[in-house]
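Read the numbers this way: they start at 1 and go in the same order the structure lists the ligands and their atoms.
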Amino acid sequence: MKSSPFERLQRIYSQPFFDLIQQGRAVYLKNWPNNEVQLCTLLSIKTGGCSEDCAYCSQSARYETGLETERLLSTAEVLEVARRAKSNGSTRFCMGAAWKGVREGTQAFDSVLETVREVSKLGMEVCVTLGQLTDVAARQLKDAGVTAYNHNLDTSPEFYPQIVTTHTFQDRLDTIRAVQNAGMSVCCGGIIGMGETVTDRLRMLEVLVNFDPPPESVPINCLMTMPGTPLEDQPPVDVFELVRLIATTRIVLPRAKVRLSAGRSRLSREAQALCFFAGANSIFYGNKLLTAQNPETDADHNLLQDLGLVPQPPFSDLAAPVTEKVAIST
Ligand code: SAM
Ligand code: DTB
Ligand code: SF4
C-alpha cells in the first residue's frame, strides 16, 4: 500500500541519526553549493503591549514579563540600524512589530510603509513581521518594497489552540495566502520546545510542504523561555531533536532557506555546526533578536570562519524569491 505524505515525513525523520543528517547534507550540497550562510538582522520596531496571548511571547500584554513597551520607531531610527546591518554584512533586514495585525489607513501603518520604502533603497532583502494582513495591506507592503513576509505557523494545527487562543491557525493561513497573492515571498516556520510532540513538529512541516508556492524561508526557533509567560519553565530542546528537524526540513524543502533562529545563544558551537551540516543555511545575526539575546557577532563570525562557511555576499537581484514545488522522495 502507498504511504501517505505524513508517513514519508515520519520515515525520513526517524532514520538513524547519521543517515538522516547525511541525507540532509546531500540535499543541501545539491541545492546550495557555495557554503554560504545568509545573515539576517532583526529589529523590533514596535515592542511589547501586544493584545495576543501567545504563550511563549515576552511581548504579550497579558503576562507580567517585565518588558518595557516601546512606541513605533521612526523611519530615521530604523534606517540607522539598517545601514549598520548592511555594513556588517547582512543581506536581509527583518522588522518586527508586536501587533495582532495591521490596519491599513492608520498613521502607524503609513509610517511602516515609509520606513520600508527607505530601507528597501539600501539593497538588502526587506522582511517584515507585523501579524495579520488583509489583501490590501499585503499589496501596499509589496508596493513599498517588502520582499518577504514572516508569519510563523509556530506549531501543528492540533497543538496551536494550546499555545494561542486569541487568534486561530486558520487566521495564520489566511494571512499567508494574502502574502502569496501580493507576490511577496513567505517566511514561515515555528518554535520547538513548547511541550509539543515530534508528531506536532512533523504536522507543521507537512502543512509547510503543502504551501503553493513553498515557503522561501523556514525559521526554526527553539523556545527562549520568557519569565512571566505560561511556558517559562519549559526544559531546553534536545539538540539531536533540533538537528533532526533541520535535516528533515532541508530534505522536504530543498530550495528553502532553513533559518536556525531563536535559541542559538543556548547552543554550543558544536551543536550549531551540526545544524549547518544538516542543512541550515541562514541565521539571525546581531546580539539581539526582538527582545531576547542572540550570540555576539564576533562569536558568529569566528564560528563561520572555523567551519569554512561564508556569509552570503550582497546581491543585486532583489525580486521576491519563489521556490518551486519538489516531490518528497524517501
Ligand atoms: N506579532 C507578529 C506575529 O506574531 O506574527 C510578529 C512578531 S512575533 C514575535 C514573530 C515570531 O517570533 C513568532 O511567531 C514566534 O515564532 C517567534 N517567537 C516569539 N517569541 C519567541 C520565543 N520566546 N522563543 C522563540 N521564538 C519566539
Ligand atoms: C522568527 O521566526 N524568529 C524571529 C523572527 N522570526 C521575527 C523572532 C525570534 C524572537 C525570539 C524572542 C524574542 O526576541 O523576543
Ligand atoms: Fe503578539 Fe506576535 Fe508576541 Fe503573539 S507572537 S504576543 S502576536 S508579538
Side-chain angles (χ1 to χ4, degrees), residues 40-63 65-70 72 92-102 112 126-133 148-155 160 163-169 171-176 178-179 186-196 201 204 208 215-234 236-237 242 249 256-267 280 282-295:
C40 313
T41 295
L42 259 182
L43 176 66
S44 180
I45 60 170
K46 156 71 182 74
T47 305
C50 184
S51 62
E52 302 306 279
D53 68 355
C54 311
Y56 49 79
C57 189
S58 64
Q59 305 200 67
S60 166
R62 297 172 188 245
Y63 314 125
T65 65
L67 186 76
E68 220 161 286
T69 300
E70 288 168 27
L72 181 65
R92 182 148 163 153
F93 190 69
C94 180
M95 295 165 267
W99 285 333
K100 176 180 182 134
V102 152
V112 171
V126 181
C127 175
V128 287
T129 179
L130 312 170
Q132 293 175 27
L133 291 184
Y149 197 83
N150 169 242
H151 201 63
N152 290 339
L153 295 178
D154 283 332
T155 189
Y160 198 78
I163 298 298
V164 184
T165 69
T166 47
H167 56 260
T168 64
F169 194 83
D171 291 332
R172 304 298 281 179
L173 295 176
D174 291 347
T175 290
I176 288 159
V179 170
V186 168
C187 171
C188 183
I191 308 178
I192 61 175
M194 301 191 294
E196 74 290 339
R201 295 172 192 167
M204 178 182 86
L208 289 176
E216 173 263 335
S217 73
V218 180
I220 304 207
N221 297 277
C222 296
L223 177 71
M224 302 285 284
T225 46
M226 297 295 180
T229 63
L231 298 180
E232 65 181 344
D233 292 325
Q234 281 295 314
V237 169
L242 168 64
T249 307
K257 294 254 168 52
V258 177
R259 213 179 299 284
L260 176 57
S261 302
R264 281 196 308 114
S265 55
R266 277 194 181 171
L267 294 179
S282 173
I283 54 172
F284 287 117
Y285 185 64
N287 62 2
K288 201 165 168 205
L289 292 162
L290 292 172
T291 70
Q293 197 200 343
N294 203 37

>> Pairs of nitrogen or oxygen atoms closer than 3.5 Å, one from Ala292 and one from ligand 2: do any exist?
In response: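 Yes; the residue has a nitrogen or oxygen that sits under 3.5 Å from a nitrogen or oxygen of the ligand.
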>> Quick check on atom 4 (Fe) of ligand 3: does Cys57 put an N/O/S atom closer than 2.8 Å to it?
In response: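 False for Cys57.
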Closest non-hydrogen protein atom to [atom], residue and atom name please, with distance?
atom: atom 12 (O) of ligand 1; answer: Asn152 ND2, 4.5 Å
atom: atom 15 (O) of ligand 2; answer: Thr291 OG1, 2.5 Å
atom: atom 13 (C) of ligand 1; answer: Tyr56 OH, 3.8 Å
atom: atom 16 (O) of ligand 1; answer: Asp154 OD1, 2.6 Å
atom: atom 6 (N) of ligand 2; answer: Asn150 OD1, 3.2 Å
atom: atom 27 (C) of ligand 1; answer: Ile191 CD1, 3.7 Å
atom: atom 10 (C) of ligand 2; answer: Leu290 CD1, 4.1 Å
atom: atom 5 (C) of ligand 2; answer: Phe284 CZ, 3.7 Å

> When the ring planes of Phe169 and Tyr160 are compared, do they come out parallel, tilted or perpendicular, using 30° and 60° as the limits?
Replying inline: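 Phe169 and Tyr160: perpendicular rings.
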> Is any N, O or S atom of Cys50 under 2.8 Å away from atom 1 (Fe) of ligand 3?
Replying inline: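 Yes, since at least one N, O or S atom of Cys50 sits under 2.8 Å from atom 1 (Fe) of ligand 3.
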>> Under 4.0 Å from a heavy atom of Tyr56: which atoms of ligand 3 are those, numbered in the order shown and with their elements?
In response: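 Those of ligand 3 that fall under 4.0 Å from Tyr56 are 5 (S).
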> In terms of atom number and element, which parts of ligand 3 are under 4.0 angstrom from non-hydrogen atoms of Ala98?
Replying inline: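 Those qualifying, in numeric order: 8 (S).
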Would you say [X] touches ligand 1, if touching means a heavy atom closer than 4.0 Å?
X: Gly131; value: yes
X: Ala97; value: yes
X: Gly263; value: no

> Is the closest protein non-hydrogen atom to atom 4 (Fe) of ligand 3 under 4.0 Å?
Replying inline: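 When distances to the protein are checked, atom 4 (Fe) of ligand 3 has a heavy atom within 4.0 Å.
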Using a strict cut-off of 4.0 Å, indicate which atoms of ligand 2 neighbour a heavy atom of [X].
X: Asn221; value: 1 (C), 2 (O), 3 (N), 9 (C)
X: Pro219; value: 2 (O)
X: Asn152; value: 1 (C), 2 (O)
X: Thr129; value: 7 (C)
X: Leu42; value: 4 (C), 5 (C), 7 (C), 8 (C)

> Under a 4.0 Å N-O cut-off, is there an ion pair linking Glu52 with Arg172?
Replying inline: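 Answer for the salt bridge query: no.
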> Would you call Met226 a ligand 2 contact, heavy-atom distance under 4.0 Å?
Replying inline: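 Yes, that is the case, since the closest heavy atom of the residue is under 4.0 Å from the ligand.
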>> Would Tyr56 count as a contact residue for ligand 2, given that I'm defining contact as a non-hydrogen atom of the residue lying under 4.0 Å from a ligand atom?
In response: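 Contact absent.
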>> Any nitrogen or oxygen of Asn150 lying under 3.5 Å from a nitrogen or oxygen in ligand 1? Just yes or no.
In response: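 In fact, backbone or side chain, Asn150 has no N or O that close.
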> Does any N or O atom in Leu290 lie less than 3.5 angstrom from one in ligand 1, N or O only?
Replying inline: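 No, since none of the N or O atoms of Leu290 sits under 3.5 Å from an N or O of ligand 1.
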>> Tell me the contacting part of Glu52 for ligand 1: side chain, backbone, both, or neither, using a 4.0 Å heavy-atom threshold, strictly below.
In response: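 No part of Glu52 is near ligand 1 at this cut-off.
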